[in-house]
Amino acid sequence: MSFLQFSNLTKTYPGVKALSGISFDVRKGAVHGLMGENGAGKSTLIRILSGDQHANEGEIRIDGDVQAYGSSRDAFEHGVIVIHQELQLVPELTVAENLYLGRFPAKAGVVASAKMFADVTEKLKNAGIDIDPRQKVKALSIGERQMVEIAKAVMLDARVIALDEPTSSLSSRESEILFTLIDRLRAEGKVILYVSHRLDEVFRLCDSLTVLRDGKLAAHHETLQGVTRDQIVAEMVGREINDIWGWRGREAGAVRLKVENVSGERLPEPASFDVRAGEIVGFFGLIGAGRSELMRLVFGADPQFSGATSIDGAQVKAGNPRQAIRSGIVLCSEDRKHDGILQGRSIEENINVSSRRHYSPFGLLDRKREVEVAETFIKRLKVRTPSRKQDIVNLSGGNQQKVILGRWLAEQGVKVLIVDEPTRGIDVGAKSEIYEILYELAESGMGIVVVSSELPEVMGICDRILVMCAGKIAAGLNRDQFEENAILAAALPDVKQPTEIAY
Amino acid sequence: MTNQLKKILLGDQGIVLIFIVAFTIVALLVPNFLTERNMLGLLQSVVTVGIVACTMMFCLAARDFDLSVGSTAAFTGMVAVMASNTTGSILVGIGAALLCGAFVGFVNGFVIAKFRINALITTLATMQIVRGLALISSDGRAIGINDPGFYQLALSKLFGIPTPVWILAGLFVIFGFVLNRTVFGKNTLAIGGNPEASRLAGVNVDKTRIWIFALQGVVCAVAGILLASRITSGQPNAAVGLELSVISACVLGGVSLAGGRATMAGVIVGVMIMGIAENVMNLMNIPAFYQYIVRGLILLLAVMLDNLRSSAFIRR
Amino acid sequence: MTNQLKKILLGDQGIVLIFIVAFTIVALLVPNFLTERNMLGLLQSVVTVGIVACTMMFCLAARDFDLSVGSTAAFTGMVAVMASNTTGSILVGIGAALLCGAFVGFVNGFVIAKFRINALITTLATMQIVRGLALISSDGRAIGINDPGFYQLALSKLFGIPTPVWILAGLFVIFGFVLNRTVFGKNTLAIGGNPEASRLAGVNVDKTRIWIFALQGVVCAVAGILLASRITSGQPNAAVGLELSVISACVLGGVSLAGGRATMAGVIVGVMIMGIAENVMNLMNIPAFYQYIVRGLILLLAVMLDNLRSSAFIRR
Amino acid sequence: PASAQDAKIGFIVKQPEEPWFQDEWKFADQAAKEKGFTLVKIGAEDGEKLMSAIDNLGAQGAQGFVVCTPDVKLGPGIVAKAAANNLKMMTVDDRLVDAAGKPLEDVPHMGISATKIGEAVGQGIVDEMKARGWKPEEVGAIRVSYDQLPTAVDRVEGAISVLKANGFKAENIFPAPQAKTDTEAALNAATVVLNAHAGIKKWVAFGLNDEAVLGAVRATESVGIPADGVIGVGIGGADSAINEFKKPTATGFVGTVIISPKRHGYETATNMYEWVANGKQPEKLTLTSGALAKRDTFQQVRKELGIE
Ligand SMILES: Nc1ncnc2c1ncn2[C@@H]1O[C@H](COP(=O)(O)OP(=O)(O)OP(=O)(O)O)[C@@H](O)[C@H]1O
Ligand SMILES: Nc1ncnc2c1ncn2[C@@H]1O[C@H](COP(=O)(O)OP(=O)(O)OP(=O)(O)O)[C@@H](O)[C@H]1O
Ligand SMILES: [Mg+2]
Ligand SMILES: [Mg+2]
C-alpha cells in the first residue's frame with residue numbers, strides 16, 4: 001500500500017530544470033532510498049516535501065491526502081520531518097534548544113527548561129548518542145553536529161522522515177547508531193526517505209529505491225533484491241564504473257611534509273607525522289577524534305601552541321594560512337559552508353580566489369585566464385550549473401564541494417595538498433574522477449593527505465593510513481597491512497594500546 | 001572549580017566585571033559622583049536610552065536594525081500630550097501613545113518581514129516619516145501639557161526613587177526574563193543566529209520579527225511618554241539621534257550586530273557606561289569640544305578591554 | 001535570447017532600469033527639472049555623497065561599516081583651509097588634508113582589523129574624536145579661505161561642467177574599475193562573502209580591510225576639500241549626518257549590508273535617486289515637514305520596486 | 001523688473017524645523033499672498049545644502065532670495081553663488097561676514113545681533129534678581145551651552161557680560177554643555193551641575209534658546225528646588241515657553257526674550273519683492289530689537305510684535 005506518493009513533481013530554477021515530472025510511491029514502513037548524481041534533484045525533492053520550496057507542478061500525497069502546506073512548520077504539523085543536507089543548527093543555542101527549536105515545551109510562553117534538558121538527556125541516551133545537551137552547538141565538531149541533526153529526526157513523532165545525506169561526515173561507527181535508529185523507526189511503521197551517495201548504506205538500509213538523473217526519474221526499484229551495485233551506478237551516471245577507487249601504486253619519494261609535535265587549543269596532545277612525495281596518506285578516526293583540528297593546525301588556520309611544520313625541509317610560518325599557501329601547502333576544509341564558499345559570489349570567483357595571484361600582474365585581473373581556469377575545473381569536476389557566473393549558493397551541495405575542490409586544484413606550486421572529507425556529498429561518478437586527479441597529482445610528486453570518515457574510501461585510495469583516536473595518532477598502517485577490523489579497533493577510544501606506527 | 005570561576009568572570013558577562021572596576025575607580029576619583037543626588041540624576045538621565053535599549057537588544061539579536069526609535073519616541077510623546085489635552089484624561093493620552101507606538105513598530109516589522117525589505121532602509125524611511133508626522137501634527141511647535149497630573153509621572157517617587165527609574169528597572173527585569181526564559185526570546189536568538197535554520201525548524205520568523213518591532217514601538221512610546229512628562233511638553237524635535245546612542249549602548253554591552261548574541265546584563269552595563277561617561281564629563285567640567293574626544297576614547301576603551309578579556313580567555 | 005535580455009533587465013543591474021523609468025517620469029512631470037542649469041545643480045549637490053559612496057561601497061561590501069565619514073570630511077576640509085591659509089599654498093593645504101584623511105582612515109582600519117573591534121563602535125568613536133578635533137582646532141567657528149584661488153576648485157569648469165562633477169565622475173570610473181577588475185576589488189567582495197573562508201584561501205584580510213578604510217579616509221578628504229572650496233570656508237559642523245546619507249545611497253543601490261554584494265552602477269543610481277528626490281522636492285515647493293514624509297516614502301518605494309522586480313524574476 | 005505674477009522669491013532658512021523659522025516663513029507667506037508673488041521656502045542645514053538651494057532657485061527661475069545662513073562665514077560663497085545664478089539677495093537674522101570676519105556691508109540685512117539678545121536675557125535675569133532681593137554671591141548660574149554653534153556662544157556670552165557687570169562672580173557660573181540642542185539634553189546636563197553644587201539654593205539659568213533654559217528649569221524641579229529659587233530666561237518666545245506662562249502655577253521659567261518673526265519674515269520678503277519687481281533696493285541694515293516677555297506680559301508683548 002503506498003503511503004507517500006509523488007506525482008508529476010516539476011520544479012524549475014532560473015536556467016535549471018531541477019525536477020521534471022517525477023512520480024513514485026513509497027510504502028508504509030519502508031526505507032526508501034533516493035540516489036542520483038550531484039545536482040540530480042534529490043535535495044530539491046526533499047525541500048518540496050518539507051514545504052520549504054514549492055513545486056511548479058505536481059502534488060504530494062500522504063495517506064491519500066494532497067499536501068498543500070506552505071512552510072516547514074505546516075509540514076511538521078502534517079507529520080513530516082526533514083533533515084536537510086546542510087546542517088541547520090543555531091550555533092549560539094545549546095544542543096537541547098536546537099533540538100526543540102520551533103516547538104519548545106512551554107507554559108504560557110515560558111520555556112520549561114528543566115523538563116527540556118531532562119527530556120533531551122533521556123532521548124539522546126536512548127538513541128545511543130553521546131553529546132551533552134547543555135553544550136552550545138558552536139563548540140561541537142562537524143560530525144557531532146550531524147549527530148545532533150539526526151537526533152532531531154528521531155526525537156519527534158512523525159509519519160514521514162526524510163534524511164538528506166545524514167552520514168556524509170560520519171564514520172561507520174556513528175552511522176551504525178543511525179542505522180539502528182532507522183530500523184527502529186521502520187518497525188514503528190514510519191515512512192523514511194533516505195538520500196545518500198554511499199551504496200553500502202543503501203543496500204544495508206533501504207527496502208526500495210528511486211534513482212534520479214538530470215531531474216528525471218531514471219529508475220525505480222520496488223525491492224532491492226536482485227539489484228546489483230553496478231546496475232545502480234549505471235542508472236545514476238549513465239555508464240559503468242568498474243572500480244571506483246582505481247588505486248594504482250607509485251614510488252614514494254623523499255619526505256615532503258614534516259609535522260613535529262603540533263598541538264593547539266582543541267588538540268592538547270602533540271602530534272607528529274610526515275608525508276612523502278607522491279604519497280597519499282589517509283587519516284581515519286571517529287567523529288571528534290581531532291583529525292580536522294590537526295590539519296587546521298598544520299595549515300595554520302588555528303594558532304599552534306607548540307610544534308613545527310616544514311615542507312621540503314623549510315620551516316612553514318605557523319598560524320598564517322597565507323604564508324602556508326605560499327610555501328606550498330593547501331587545505332581544503334571539511335566545513336564548506338563556514339570555511340569554503342564565498343556566499344553571493346560566482347563559481348568563477350570562488351575558483352579563482354586563491355590562484356589568481358599567479359596571473360594578476362600589478363593586481364589587475366586577467367579576465368580571460370580566470371574564465372579559462374573556471375571553465376577547466378567546471379568541466380573536469382563535472383560541476384552541474386547553467387553558467388560559471390552562477391552564484392555558488394544556488395548550487396547543489398555536492399557541486400559546491402566540487403567548486404571548493406576546484407579552487408585548490410587550480411592553485412599552482414602546491415607541494416602538499418590536504419583535503420578534509422573531500423568527497424563529502426559527492427556522487428560515485430565524480431568521486432572516481434576526483435580520485436583520478438589525486439593519483440595524477442601524487443604521481444607528479446605532490447604529497448597528499450586525505451582526511452575521511454568513510455573507511456572504504458581511505459582503504460581504497462590511500463597508500464598509508466594514520467588512525468586518530470581521542471586527539472592522538474593511535475596507529476599507522478601501510479597498504480599491505482590494511483584491514484578493516486584493525487583500523488576500526490585503533491579508532492575506538494577504549495583500545496588503549498596503540499599499534500606500532502608503521503615505518 | 002577555578003575553571004568554573006574563570007568562566008563566570010571571563011565569560012559572556014565579563015563586561016559586567018569591567019564595569020564594576022570602572023565604577024569603583026570613578027567613584028573614588030571623581031568628587032560628587034557617589035552622592036545620592038548624583039546617582040539619582042544619573043539614573044534618570046539614562047531612562048530614555050535604557051528603556052529603548054531593552055527592545056533594541058531583541059531587534060539586534062534577531063539581526064535587525066531600528067533607526068526609527070528616536071522619531072517614534074518624539075511622536076508618541078506628542079500624541080500622549082495632544083490626546084490627553086483634548087480628552088482631559090491622562091490615561092487616554094497614554095493609551096493613545098502606546099497604540100501609536102505599537103502601530104509604527106508594527107508597520108516597520110510588517111514591511112521588513114513580509115516584503116523582505118532591508119531593515120536599515122525601512123526604518124530610515126519610517127524615521128523620516130514619523131518625524132514628519134510629529135512636526136506636521138504640531139506645526140513644528142512644542143505642545144504644553146494642560147493637566148499638571150501628567151508631570152507626576154516623572155516627578156513622583158517611590159521609596160525615594162523616581163517612578164521612571166522604577167519603570168526602567170521593571171523593564172530590565174521583564175525583558176531579561178523574556179530573552180532568557182521564554183519561547184519568544186529563544187526564537188529571537190535563533191533567528192539572529194541562523195535565520196535559515198530557524199525557518200526550517202518551523203519558527204514563525206515573520207511573526208517573531210513583527211512582534212519584536214511592535215514591542216519596540218510600544219517601548220519607544222513608554223520612553224516618549226516619560227520624556228514628555230519630564231520636559232512637561234510634547235516636542236517634535238525631541239530624541240534626535242537616540243537611535244545611535246541606543247545601538248551603541250547595546251553593542252557596547254556585547255550584543256552582536258551579526259545577530260544571535262545578547263544578554264540583558266551586558267546591555268544594562270552598556271547603557272550605564274554611556275550614562276556615566278556623560279555624567280562624569282560634566283562633573284569634571286570637561287569643555288564641550290573635548291567631550292567629543294573623551295566620549296570617543298571611552299567607547300574605544302570599553303570595547304577594547306572587553307576584547308582583550310575575551311581573547312585572553314580563549315587563548316587559555 | 002529573450003532570456004538573455006531578461007537577465008540584463010532584471011538582473012543585478014535592475015535598479016538602473018527603475019532609475020531610468022523614474023528619471024523619465026520626473027523629467028516629463030516636473031517643470032524646470034530637465035534644464036541644463038538644474039542638471040548641473042543636481043550633479044553638484046550629489047558630489048559629496050557620491051564621492052564618499054565610492055569607498056563606502058567597498059567598506060560595506062567587506063561587511064564593514066563606517067560612521068566617521070562626515071566628521072572626517074569636515075575635519076579634512078578644515079585642515080585644508082587652515083594649512084593653505086598658514087602656508088599660503090593651496091597645494092600644501094590639499095596635501096595636508098589628504099594625509100590627515102588617510103591617517104584617520106588608517107587608524108579606523110588598523111583598530112578594526114588588528115584588534116578585531118566592532119566597526120560600528122570603532123567608527124562611532126572616531127566620528128566623535130575627529131569631530132572634536134575639528135571643533136577644537138577652529139574653536140567651533142568656521143575659518144574663511146584667504147586665497148580666492150581655493151574657490152576655483154569648486155567654481156572652475158571644463159566643457160561647461162564644474163570641476164567637482166568631473167572629479168566625481170572620475171572617481172566613479174576608477175572605483176568601478178577597482179571593484180571589478182582588480183584583485184583588491186575581488187578580495188573585498190570575497191571577504192564580504194565569507195571572511196573566514198577568504199582568510200583560509202590566503203586573502204590578506206587584515207591588510208585589505210586596513211586599505212579599504214585608509215582609502216575611505218583619503219576619499220573623505222577629497223570630499224572635504226571640495227566642500228570647503230564650495231562653501232568658501234572650513235566648517236567644523238559641516239557634513240553632519242553624511243554617513244547615513246551615504247550608507248542609504250549604497251544600500252539603495254543594492255550593496256548588501258551582509259557583505260559580498262556591490263556594483264558601481266547600483267551605487268551611482270542610489271546616489272542619484274537620493275539627489276533627485278531632494279532636488280524635485282525643492283523644485284515642487286514641498287513644505288519642509290512634508291519633505292520628511294516624501295523622503296521616507298521615496299526610500300521605501302525605491303527598495304520595494306527593486307524587490308518586486310527581483311522576486312518577480314525569481315518566480316519565473 | 002518682473003511683474004507680480006511671475007515674481008518668484010526664495011526664503012532659505014538654516015533650521016526649518018525650528019518654530020522660529022516656521023514663523024518667519026508663515027509671515028513671508030502672508031506677504032506673498034498680499035503682493036501676489038510666489039514664495040519658495042527651502043531649508044538648508046549646512047553650507048552644502050545652501051549652495052544646492054541657491055542653484056535650485058536659479059533653476060526655477062527665481063529672481064531673488066532672503067537667507068538665514070547656517071554659518072555667517074559662508075558670506076563670500078553665498079554672494080558668489082547668488083551672482084552666478086543672477087539672483088538678488090538679502091540676509092535675515094544672521095549677518096554674513098568675509099574671511100576676515102568683517103560684515104559684508106553690501107548685502108542688505110535685517111536682524112538683531114546674537115550678543116544683543118544675550119544681553120537682553122542677562123538684563124532680564126538681573127532685574128528679576130533685584131526684584132526678588134537676591135544677592136549675586138549666593139546665586140549660582142547655569143550656562144546651558146552648545147558651543148558647537150557660534151550663535152549660541154555669542155548669546156550666552158552676552159548674558160554673562162551683563163551678569164558680571166552687575167556683580168556676578170565668574171566662579172559662580174557653571175557650564176552645562178548639552179550634547180544636543182533639545183530639552184532632554186539640557187535637562188541632563190543641568191542636573192549634573194545642580195547635584196555637584198548642592199549647597200547653592202538659588203539659581204539662574206540661560207542658554208541658546210527656550211528649550212535649553214526649559215531643560216535647566218526642569219532639572220531644578222526634579223532635584224526639588226522651589227520655583228521661587230529659580231530664574232530662567234529663554235530666547236525665542238516659542239510655544240514651549242508660552243506654555244510655561246500658561247501653567248496654573250508659576251515655574252522657574254520667568255521670561256523669554258521674544259524677537260519678532262513678523263518683521264523678519266514679512267518685511268524681508270516684502271523688501272525683496274519691491275527690489276525684484278520695482279527695483280527698489282532695501283535698506284542696507286535694519287536692526288530689530290527683542291522684547292522680554294514674562295508671565296503677566298507675554299500676551300501684550302506678542303501683540304506688540306504682531307505675532308498673535
Ligand atoms: N536556489 C537555486 N537556484 C538555482 N538553481 C538551484 C537552486 N537550488 C538548486 N538549484 C539547482 O537545482 C539542481 C538540483 O539541485 P539539488 O540540490 O536538488 O541536487 P542534489 O541531487 O541534491 O545534488 P547533491 O547530491 O549535490 O546534493 C542543481 O542543478 C542546482 O544547481
Ligand atoms: N569550535 C569549536 N570549539 C570548541 N571545540 C570544538 C570546536 N570544534 C570542534 N571542537 C572539538 O574538538 C574536537 C576535535 O574535533 P575535530 O573536528 O578535529 O574532529 P574530527 O576528527 O575531524 O571529527 P569530525 O568528523 O567530527 O569532524 C572535538 O571533540 C570537538 O568537540
Ligand atoms: Mg543535495
Ligand atoms: Mg573532521
Side-chain angles (χ1 to χ4, degrees), chain A residues 12-15 54 56 296 299-302 320-327 329-333 335-346 348-367 370 386-387 389 391-394 404 407-408 410-411 420, chain C residues 2-4 6-14 60-63 116 174 176-208 211 215 254-263 310-316:
Chain A
T12 42
Y13 292 111
H54 302 279
N56 300 93
R296 287 177 62 88
F299 178 61
D302 291 334
N320 187 336
R322 226 169 85 79
Q323 288 308 323
I325 294 172
R326 276 158 181 72
S327 22
I329 175 168
V330 301
L331 167 71
C332 179
S333 160
D335 188 349
R336 62 171 171 258
K337 192 157 178 204
H338 189 261
D339 297 336
I341 65 172
L342 304 171
Q343 279 103 349
R345 307 313 305 165
S346 66
E348 181 183 334
E349 282 179 43
N350 268 283
I351 292 180
N352 281 295
V353 62
S354 173
S355 59
R356 66 160 62 97
R357 69 200 153 87
H358 298 291
Y359 38 80
S360 302
F362 311 111
L364 298 179
L365 300 187
D366 179 346
R367 304 219 293 175
E370 300 218 338
S387 126
K389 292 222 161 72
D391 185 340
I392 190 163
V393 298
N394 288 340
I404 304 303
R407 172 189 302 166
W408 295 116
E411 187 51 68
D420 195 351
Chain C
T2 53
N3 246 340
Q4 198 66 20
K6 253 187 213 162
K7 230 177 224 164
I8 293 170
L9 290 181
L10 297 169
D12 262 0
Q13 315 277 320
L60 298 177
R63 273 199 213 180
R116 315 211 170 282
I174 292 174
F177 180 86
V178 171
L179 185 70
N180 291 317
R181 302 293 181 89
T182 66
V183 174
F184 179 72
K186 291 293 173 193
N187 282 351
T188 302
L189 291 167
I191 293 172
N194 188 341
E196 179 64 8
S198 307
R199 184 178 75 93
L200 295 180
V203 173
N204 198 333
V205 176
D206 289 356
K207 198 174 113 190
T208 309
W211 264 105
L215 266 181
V255 179
S256 157
L257 282 182
R261 221 161 288 179
T263 64
S310 54
S311 64
F313 177 52
I314 282 170
R315 231 166 271 139
R316 212 154 305 145

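Nothing here was measured: the structure is a model prediction, and the numbers come from that model. Values below: all heavy atoms of this structure, side chains included; hydrogens, waters and symmetry mates excluded.
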What closest approach, in Å, do [X] and [Y] show between heavy atoms, and which atom pair accounts for it?
X	Y	value
A/Gln343	C/Asn194	OE1-CB, 3.6 Å
A/Ile325	C/Ala201	CD1-C, 3.6 Å
C/Ala197	A/Gly340	CB-O, 3.3 Å

request  = Check for a donor-acceptor pair, side chain of A/Arg345 on one end and backbone N or O of C/Gly260 on the other, with a separation under 3.5 Å.
outcome  = yes
Check: Counting only N and O atoms by type, is there a donor-acceptor contact under 3.5 Å from the side chain of C/Arg199 to the main-chain atoms of A/Ala301?
Finding: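 Confirmed, C/Arg199 side chain pairs with A/Ala301 backbone.
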Would you mind checking which part of [X] comes under 4.5 Å of any heavy atom in chain C, side chain (CB onward), backbone (N, CA, C, O), both or neither?
X	answer
A/Phe362	neither
A/Arg296	side chain
A/Asn394	neither
A/His54	neither
A/Leu364	both
A/Lys389	neither
A/Arg336	neither

* Asked: Roughly how far, to the nearest 0.5 Å, is the CG atom of A/Leu365 from the CZ atom of C/Phe184?
  ->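 These two atoms lie 12.5 Å from each other.
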When rounded to the nearest 0.5 Å, the distance separating CG of C/Asn204 from CG of A/Asn320 is 7.5 Å
Sub-4.5 Å side-chain heavy-atom contact between A/Leu331 and C/Leu200
no
* Taking the side chain as every heavy atom from C-beta outward, state whether A/Val353 and C/Ser198 have any atom pair closer than 4.5 Å. =>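 No, their side chains stay 4.5 Å or more apart.
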I'd like to know if A/Glu349 pairs up with C/Arg261 as an ion pair, taking the criterion as any Lys NZ or Arg NE/NH1/NH2 lying under 4.0 Å from an Asp or Glu carboxylate oxygen.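 So A/Glu349 does not pair with C/Arg261 through a salt bridge.
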